[in-house]
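Proteins get letters first, then strands, A, B, ... in listed order; numbering begins at 1 in each.
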Amino acid sequence: QQQVKQSPQSLIVQKGGISIINCAYENTAFDYFPWYQQFPGKGPALLIAIRPDVSEKKEGRFTISFNKSAKQFSLHIMDSQPGDSATYFCAASGAAGSYQLTFGKGTKLSVIP
Amino acid sequence: DAGVTQSPTHLIKTRGQHVTLRCSPISGHKSVSWYQQVLGQGPQFIFQYYEKEERGRGNFPDRFSARQFPNYSSELNVNALLLGDSALYLCASSLRLAGFSGELFFGEGSRLTVL
């Protein structure tokens with residue numbers, strides 16, 4: 001049973017465009033929603049995270065939008081750059097109790113010049 | 001400062017063998033977590049240790065075990081290896097057991113191939 005569903009599986013965006021990745025979760029006990037970026041041969045690195053008491057969080061070119069009623073959240077990458085080409089994972093946890101993260105299957109983003 | 005370090009980086013084993021993977025957390029971090037990442041999938045939680053005690057276990061068989069040492073480093077052991085155990089094994093450390101202000105810092109992983 002996959003508790004965090006991520007789409008699309010792959011995404012191609014032109015340089016300067018907006019990349020949008022969507023996730024949906026099932027477990028209403030989740031209260032911490034991070035996004036991770038992973039380059040080939042590297043471990044995942046935290047990009048940005050949000051708690052369900054806010055609907056949006058922005059850090060630089062990266063924005064998380066959160067819809068608690070729909071149990072959905074998304075990552076927006078503004079002004080996408082070739083250096084953003086990586087695999088992105090959404091995740092969720094009941095952070096009050098642990099850092100046991102449930103990850104989505106990932107989105108491979110390619111930003112073309 | 002050194003990040004999370006894992007060893008070995010790559011290893012090849014045959015079915016039925018045993019493997020031990022090692023992890024050194026970031027200095028000062030007291031919690032270590034282990035994740036399995038199968039090619040093309042997201043990481044899947046295996047264990048979390050905090051202050052040398054197991055504080056969480058994912059849906060993995062008893063062939064998987066781990067421990068955390070007094071210096072907060074950790075070992076992941078897998079017995080009776082199966083082909084399906086081939087994966088990237090990620091170690092992550094965190095300052096705390098849980099909470100909203102902290103984060104998990106991942107190492108680069110140990111790539112295990114089972115033949």
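With a 4.5 Å cut-off on side-chain heavy atoms, A:L46 and B:L104 do not count as touching. Side-chain contact between B:F106 and A:Y36 is present, with at least one heavy-atom pair separated by less than 4.5 Å.
Taken together through direct or relayed side-chain contacts under 4.5 Å among Ile, Leu, Val, Met, Phe, Trp and Tyr, B:Y49 and B:L95 form parts of separate hydrophobic clusters. Cluster annotation: A:L109 is connected to A:I64 through the hydrophobic network of ILVMFWY side chains, with a link wherever side-chain heavy atoms come within less than 4.5 Å. Follow the hydrophobic side-chain contacts under 4.5 Å out from A:F33 and you reach A:I21 in the same cluster. The cluster map of Ile, Leu, Val, Met, Phe, Trp and Tyr, joined by side-chain heavy atoms under 4.5 Å apart, puts A:V54 and A:Y25 in the same cluster.
If you take CZ on A:F103 and CD on B:Q37, they are separated by 8.0 Å, rounding to the nearest 0.5 Å. How far CG of A:L47 is from CD of B:E103: 10.5 Å, rounded to the nearest 0.5 Å. Between B:Q48 atom CD and A:L101 atom CG the span is 9.0 Å, to the nearest 0.5 Å.
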*Report the C-alpha separation of A:Q100 and B:R55 in whole Å, then their side-chain angles, then the decisive distance to 0.1 Å, and conclude whether the side chain to side chain contact (heavy atoms under 4.5 Å, CB included) test is met.*
CA-CA 10 Å; A:Q100 178 179 328; B:R55 302 300 294 267; over 6 Å; no
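Proximity to chain A (any heavy atom under 4.5 Å) is shown, for B:Q6, by neither the backbone nor the side chain. Contacts between B:Y35 and chain A at a heavy-atom distance below 4.5 Å involve the side chain alone, from C-beta outward. Only the side chain of A:Q38 comes within less than 4.5 Å of a heavy atom in chain B; its backbone stays farther off.
A pairwise comparison of heavy atoms in B:L90 and A:P44 identifies CD1-CD, 3.7 Å as the closest pair.
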